[in-house]
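Below: one structure, written as structure tokens.
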Amino acid sequence: MKDEKEKMKLLVLNGPNLNMLGTRQRDVYGTKSYEELAAEIMNWAQESGFEATVRQSNHEGVLIDLIQGAQIMGYDALLINPGAYAHYSYAISDALRCIALPKAEVHLSDIDNREDFRKLSVTAAACDKIIVGLGFEGYRQAIVYLSKIAREH
Ligand code: DQA
């Protein structure tokens, strides 16, 4: 358990196509850019006592390597938006199960009320919490949640 004053480390992973925020399907994902999202995440993390690293990759293996390394690198919690990998990547799901850290999954859009293939998240099953449909705000809520459970972890 970490002391109140001790900074915790948060790893935030964003999967494929999230780098296209701001131009991609603006009716679904909004008009703000990925850089704006990353900046907001950094601020919210700091407010919750975390020092955050924010990464984005379009490659499944890169995401898996980062997940596997999270504990070794000394992270206290993991936040992931796996993008479309959420719906079918058993490899990412298994990687999440490899690490004993508090984990939350976020989706900007409401995946329960879109195409049928988005309704299932195989990666969320390996996380402690899933937040969907709140846009950037979902990341803020996930960070607050993770800061509470990581402090006791
Ligand atoms: C997403 C939802 C996924 O279904 C989609 O493939 C994405 C973004 C979201 O944040 O709403 O790339 O993860």
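Counting starts at 1 for both ligands and their atoms, following the listed order.
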Side-chain H-bond candidate by donor/acceptor type, Tyr145 with Asp128, under 3.5 Å: no
How about Tyr75 and Thr53: does a side-chain donor come under 3.5 Å of a side-chain acceptor? yes
Atom 1 (C) of ligand 1: closest protein heavy atom, distance to 0.1 Å, is His107 ND1, 3.5 Å
Could you label the plane-to-plane angle of the His87 and Phe117 rings as parallel, tilted or perpendicular, counting under 30° as parallel and over 60° as perpendicular? perpendicular
Any atoms of ligand 1 less than 4.0 Å from a non-hydrogen atom of His87? List them with their elements. 3 (C), 4 (O)
Just jot down the ligand 1 atoms closer than 4.0 angstrom to any heavy atom of Ser109, in number order. 2 (C), 9 (C), 11 (O)
Might you point out which heavy atoms bring Arg114 and Tyr29 nearest each other, and give the distance in Å? NH1-OH, 2.9 Å
Tyr34 and Asn17: side chain donor to acceptor below 3.5 Å: no
Any idea which protein heavy atom is nearest atom 5 (C) of ligand 1, and the distance to it? Arg118 NH1, 3.2 Å
So which protein heavy atom does atom 9 (C) of ligand 1 come closest to, and at what separation? Leu108 N, 3.3 Å
Which atoms of ligand 1 are found less than 4.0 Å from any heavy atom of Asn81? 9 (C), 10 (O), 13 (O)
Test item: Arg140 side-chain N/O and Phe136 main-chain N/O as donor-acceptor pair under 3.5 Å: no
Please confirm whether Val106 comes within less than 3.5 Å of ligand 1 when only nitrogen or oxygen atoms on both sides are compared. no
Are any of the heavy atoms in Ile111 under 4.0 Å away from ligand 1? yes
Non-hydrogen atoms of Ile99 and Lys103 that approach each other most closely: O-NZ, 2.9 Å
Any Tyr29 heavy atom less than 4.0 Å from ligand 1: yes
Just by distance, do the side chain of Lys129 and the backbone of Glu105 share a donor-acceptor pair under 3.5 Å? no
Is Arg24 in contact with ligand 1, taking contact as a heavy-atom separation below 4.0 Å? yes
Pairs of nitrogen or oxygen atoms closer than 3.5 Å, one from Ala84 and one from ligand 1: do any exist? yes
